[in-house]
Amino acid sequence: MVPSLLLLTDGPQASAEVLPALGLLPYPVRVMPAQATVLVNAPSADLILLDGRRDLPTVKSFCKMLQATGLGAPLILVLSEGGAVAVQSDWGIDDFVLDTVGPAELDARIRLLTSTTDSTGSAASTEIRIGELQIDSKGFTAKLRNTSLDLTFKEFELLRFLTQHPGRVFTRSQLLQEVWGYDYFGGTRTVDVHVRRLRAKLGPEYEALIGTVRNVGYRCDLPRTQELAEVSN
């Protein structure tokens with residue numbers, strides 16, 4: 001399952017302005033003010049990013065407060081190059097990145113901090129199989145009959161998100177929040193366009209996988225044989 005990220009920043013900025021590389025990665029990001037009062041109602045997240053590019057003394061205190069609250073998610077501090085020299089081990093962070101970090105390095109750091117294991121200690125499954133369709137969450141690839149589908153990042157994320165919640169209906173606004181991120185300001189028609197393109201790439205046999213719920217939104221409709229297989233397992 002794709003990790004959800006929470007970005008805390010002291011200004012009304014889009015995540016791509018705080019950390020440009022984040023805008024090139026497919027993670028859903030919620031942006032909230034870096035204030036103690038908002039932490040009470042902060043949404044759950046698999047990883048927290050804290051904008052620490054300014055006012056390092058305040059950032060240091062905020063890091064320690066986050067550690068004391070026991071939010072239960074790894075914390076990455078985003079710093080300017082000059083701020084990196086001030087970081088100490090007692091700040092309570094799990095990692096830090098410069099705001100100029102590249103997408104490949106940022107993706108690796110996020111994956112390493114959010115990787116999970118199952119009860120047997122083996123790596124959690126990253127693959128979803130629906131008939132002859134294979135969705136590899138770790139490799140960001142989808143294959144149909146062992147042939148890779150030419151999907152954009154957002155098309156892949158939309159497919160992965162819906163198939164991770166089969167049968168559950170999501171409004172267009174919910175899909176924008178979960179797939180595009182809370183700081184995305186485009187209209188809901190974006191979802192319709194991506195659904196249409198995704199169905200075309202899935203082809204006649206699998207286009208019905210993305211079902212339309214009239215006047216509500218979209219859901220993943222598993223083939224009947226897949227539903228029976230899941231019931232029997």
In the structure I gave you, are the side-chain heavy atoms of [X] and [Y] within less than 4.5 Å of one another anywhere?
| X | Y | value |
| --- | --- | --- |
| D99 | L79 | no |
| V191 | F170 | no |
| P57 | D55 | yes |
| L5 | I48 | no |
| L151 | T141 | no |
| Y27 | L47 | no |
| L202 | L133 | yes |

Q. What residues, two or more places apart in sequence or in another chain, satisfy side-chain contact (heavy atoms from CB on, under 4.5 Å) together with T212?
A. R199, Y218
(Q) Are more than 12 heavy atoms, taken from residues, nucleotides or ligands other than R189, located less than 6.0 Å from that residue's CZ atom? (A)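 No - once you tally the heavy atoms of other residues, nucleotides and ligands closer than 6.0 Å, there are 12 at most.
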Looking at [Y] and [X], is any side-chain nitrogen of the basic one under 4.0 Å from a carboxylate oxygen of the acidic one?
| X | Y | result |
| --- | --- | --- |
| R160 | E157 | yes |
| R219 | D221 | yes |
| D150 | K201 | no |
| R196 | E155 | no |

**Q.** Qualifying residue, where the test is side chain to side chain donor-acceptor pair (under 3.5 Å) with R109 and the options are D94, D95, T114
**A.** D95
To the nearest 0.5 angstrom, please state how far the [atom1] atom of [X] sits from the [atom2] atom of [Y].
| X | Y | atom1 | atom2 | value |
| --- | --- | --- | --- | --- |
| T9 | L49 | OG1 | CG | 10.5 Å |
| D192 | R197 | CG | CZ | 11.5 Å |
| C63 | F96 | SG | CZ | 12.0 Å |
| K143 | E127 | NZ | CD | 9.0 Å |

(Q) Just to verify, which of L7, I93, L113, L19 counts as forming a side-chain contact (heavy atoms from CB on, under 4.5 Å) with I76? (A)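 With I76 as partner, side-chain contact (heavy atoms from CB on, under 4.5 Å) holds for just one option, L113.
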Q: Heavy atoms only: give me the nearest A21-V101 pair and the separation to one decimal.
A: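 So the minimum-distance heavy-atom pair works out to CB-O, 3.2 Å.
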Q: State, without any angle test, whether D46 and S4 hold a side-chain donor-acceptor pair at a distance under 3.5 Å.
A: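 Per modelled atom types, D46 and S4 side chains form a pair under 3.5 Å.
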